[in-house]
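Here is the structure we will look at, set down as structure tokens.
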Amino acid sequence: MIVIEAFNVKKTYPSKPPVAALKGCFLEISEGESIALLGPNGAGKTTFLRILTGILLPDEGAITVCGKTSAKSPSEVSRFLRFLPEAPFLLRNNSLWENALFWFSYWDEILPKNNLTEIFERFGLNDRAGEPLSRYSRGMLQKAALSFMLATQAPIIVLDEPTLGLDVITVKEVSDMIKELKKKNKTIIIASHDMPFVEDIADRVALINNGEILELTGISDFKEKYGNPRYLLIYRLGGILRTETFYNHEECNIKLKSIIANDAEIIEFRRECDSLEHILRQLLIKKSEV
Amino acid sequence: MNLFFLVAYLQIKGILRAARYGIQILLLPMLMISIFLTAYLAVRTLGGKVSALFFPFVVFILSATAINIPMQVGNQLLSDSSSANLLITSRGICGLLAYFIGSQAPYLLTTLISIIISYFFVLPKIYFLNSIIGSFILMIWCIAMILIGLAMGMRFVFAFHLAQIIFLGFYPFLLMLSLTGKLEYAFVLPPVGVITIFQNEGSLLPFSLVTSAGTTLYILAGIIFLKWAYQEYRIGKGVNRI
């Protein structure tokens, strides 16, 4: 079932000179899917998210969330959707639990105490849950805001740079929790520059540049298309360890047959692609050269 | 309403917890009292009637607070896309208003304390019926000021500084105007009318009706202005511009 549908979304900020932030975006997101919006700074990702959440009106086109148009009924859209902006808004003089009470009341949800306790525990926040957030570090504030997102009952979660300021262990914990949410059929939309994180959790990527969606595809298809897919073969022949890379399937088959015939020991054989980070960098460099 | 009380409770708890804000919370009433004392001493030096100061002072601080808080806090919160995204889209304008007023509840409480302190300074004569009518019109006037203040905070980038100009320039002018007793301004400037109602004994029904009509117009203007500002904000012409 399609839960989010963006149809020809255009937005130009009425500044002097006007800034065209989105130039006609089309996007469909299914229930239970996780999609990552990728692109350089100023590409239009945040504008897209702001139109999606209903805070901005598009000049043309519309985004519907569970059948409700975000431009016409932002409050109704917000029933289905929770948004974590890049810099989370938290009550700094209040404790973690007080913040939870505030946000879940603001969202008109019952405070999920058990669920939150478990998430705080996994993030290592339980011991300091009674302290005012003014004493928290940047990463801890991010964890606090993320906790609320991970505990909400809303079916769609939008995260803008969720791993900003987080250590590697916490990033892994966030990835695991997002995977758990996906199992519960929640839809996740992420705008991020953290490519390993995106690779770990996203089903699809939307590459945005200059207000246009350049590519919208499954993450493995995306890597296959742009990531120089190749076969890596490591084998031992006559006591010598050799490594060979093949960009051609046929060539690789011939080689495999030949080394098996020669009684070589295959140490490793795998198919690999460039990392998402590398692909993105290359694509954006090419685009800027054009 | 629940949200308003929750936000007010969390704000008070947060302020009490953070000891350094203990002083900050006293600043607003201290400012109010210092304005009052300046006027009080000036009137006394000139040989005027000090009790006549009380009602203009009450109307001045409540009106000024009602427009200043949404204008300044709204301007700050809405120009930051993080808070604006969360506050505006979750509950709409009503939720935003509940958050604003709730978050400023500690300051409103301390403002009320400053009014009580000033009352005991001058012990003005209170006329029961007129005080009730005056309070009612003043409340409506404050709601209009909140709507206009929030609209301005949402629409204009310079609203934060404009709020200070209104506080320091427009309302003192109004205060002085009311002391001269120019009743013909009641319709255009409801605070002047409200002060007159508070200060006079006997039936002031026609005058009260004229002031109420003026105040109602401000409410209508406030609603229209706020709707317009919200629309402009969502187009990207508000304080959220890039």
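Just the heavy atoms: all of them, side chains too, but no hydrogens, waters or symmetry mates, feed the values below. Quick note on labels: first sequence line is chain A, next is B, and so on, each numbered from 1.
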Applying salt bridge (charged side-chain N to carboxylate O under 4.0 Å, His left out) to A:Glu98 and not counting sequence neighbours gives B:Lys13, B:Arg17
Pick one of side chain, backbone, both or neither for [X], based on which atoms fall under 4.5 Å of a heavy atom in chain B.
| X | answer |
| --- | --- |
| A:Leu56 | both |
| A:Ser70 | backbone |
| A:Leu101 | both |

Pairs involving residues 22-78 of chain A, ordered by first then second residue, that meet ring-ring contact (aromatic ring centres under 6.0 Å, His included) (sequence neighbours left out):
A:Phe7-A:Phe26
Side-chain H-bond candidate by donor/acceptor type, A:Glu109 with A:Thr152, under 3.5 Å:
yes
What I want to check is whether the side chains of A:Thr170 and A:Asp167 have a donor and an acceptor closer together than 3.5 Å.
yes
